[in-house]
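Presented below is the structure to which this report refers.
Indexing begins at 1, ligand by ligand and atom by atom, following the structure's order. Positions are given from 1 along the sequence. Below, each value reflects all heavy atoms present in this structure, side chains not excepted, and no hydrogens, waters or symmetry copies.
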Amino acid sequence: MAKLTVVSGVGGKLPAAFLLEMDGKRILLDLGEGPQPGVKPDVSGIGAVDAICLSHAHIDHAGSLELSDRLGNPPVYATAQTFRQISETVVSLNRRIELPVKGQSRIAGLPVTVGRNGHAPGGIWFHFAGHGGFLYMGDWNAESLLLPFDQPPAAACVVTDASYGDLEDALSHQVQAIASFAAAGAVLCTPAGGRGPEMALALSGLGLNVAVCPVVRREMEFLAKTRGGIISAGKCAEIETLLGVMRQGDDWSPAEIIVATEANAESGLAAQLLHRQDEGFRFLFSSHVPVGTPAWDMLQRDEARWLPWNVHPRLQDTMDLVTRIGAERVVAAFARPDDMIRLAHWLGPRLCSDRAFALSGIQDGLLKAAE
Ligand SMILES: [Zn+2]
């Protein structure tokens, strides 16, 4: 028997939490909060689980881990890089089971294949064989200039990131637009563990001088030291070179391009520079902007710009994935139905909107429907 229950994450930009029950094991895939602060999955009906798996450390995938005690405090499975971003007070060391960024492993005894998701350093997708194959993509991105994306195996059912719905714009165009805006000086706001190192690398590759906040610098220093795996060895060397030429210090100027956390200027250097807006600092946001954040307020007042930087799949990327893995059932997560009309049309009967369904028998069901 295998069954998937959507606890949270379908129907809008909602926190990720999906319950997979397979061969007697109960596995919770992600346990996020937000991105709207305070929005958490309702775990009251889940009961004890055998494992919690984290695709990556972003808050909308890993921000509700304090709810673990209502799930029997099970072991948590993630990569070393994901665990680095999670406090030991939230997940104690004795509950952590490390996964590779790519290859075979076991989760609660079930064989699993994982691969890099191209979305966050150390971020992975999960593939469970059997019952036609089940694939949990979490967030993913096939366009990253820095983070590798490993193609997953065939799967009859997939939960995939549809955050951008029908968006088609390519990252290469977006980088040009951001470079044009930033050339006169700008604070480019980025989430920790996100696109910061990639932004610095891409913009310096266009000949611009870029400075980074201490958080992004530490991320770059870490990536340079990994010598391959999380990113390619060639990119490690590029980052090392860039770190060698970037200026250090905390005398920030409005004329500079500064890549700084946090994504919506709610904390970090971005929040500090927000208080110095009257000195001429210009702000650029490129993430999902929750209501009530400093970024939201500034954009409402027309005091900042928002330009996209893709970190999720475009419509074509999703179509390519679904075609390649041969999925017969697709759970399109993290998007409002109004934002994925073309995707829904293309998927047709493959688009799954049930909150809970059996994975086994998918092929039988489709065969019967076709007769
Ligand atoms: Zn994410």
**Request:** Check which hydrophobic residues are tied to Leu54 through side-chain heavy-atom contacts below 4.5 Å, counting indirect links as well, and list them.
**Result:** Val7, Leu19, Leu28, Leu31, Val43, Ile46, Val49, Ile52, Leu65, Leu67, Leu71, Val76, Phe83, Ile86, Val90, Val91
Would you mind writing out the side-chain donor-acceptor pairs for residues 152-162 within the sub-3.5 Å range, not counting sequence neighbours?
{"unit_1": "Thr160", "atom_1": "OG1", "unit_2": "Trp140", "atom_2": "NE1", "d": "2.8"}
{"unit_1": "Asp161", "atom_1": "OD1", "unit_2": "Ser163", "atom_2": "N", "d": "2.9"}
{"unit_1": "Asp161", "atom_1": "OD1", "unit_2": "Ser163", "atom_2": "OG", "d": "2.6"}
{"unit_1": "Asp161", "atom_1": "OD1", "unit_2": "His312", "atom_2": "ND1", "d": "3.4"}
{"unit_1": "Asp161", "atom_1": "OD2", "unit_2": "Trp140", "atom_2": "N", "d": "3.1"}
{"unit_1": "Asp161", "atom_1": "OD2", "unit_2": "His312", "atom_2": "ND1", "d": "2.6"}

**Prompt:** Do the non-hydrogen side-chain atoms of Ile258 and Val210 ever get within less than 4.5 Å of each other?
**Reply:** no
**Message:** Within the structure provided, determine whether Pro121 and Leu147 are in side-chain contact (heavy-atom separation under 4.5 Å).
**Reply:** yes
Measuring to the Zn ion (ligand 1), does [X] have an N/O/S atom at a distance below 2.8 Å?
| X | result |
| --- | --- |
| His312 | no |
| His58 | yes |
| Asp139 | yes |

**Asked** How wide is the angle at the Zn ion (ligand 1) between NE2 of His119 and NE2 of His56, to the nearest 10°?
**Response** 100°
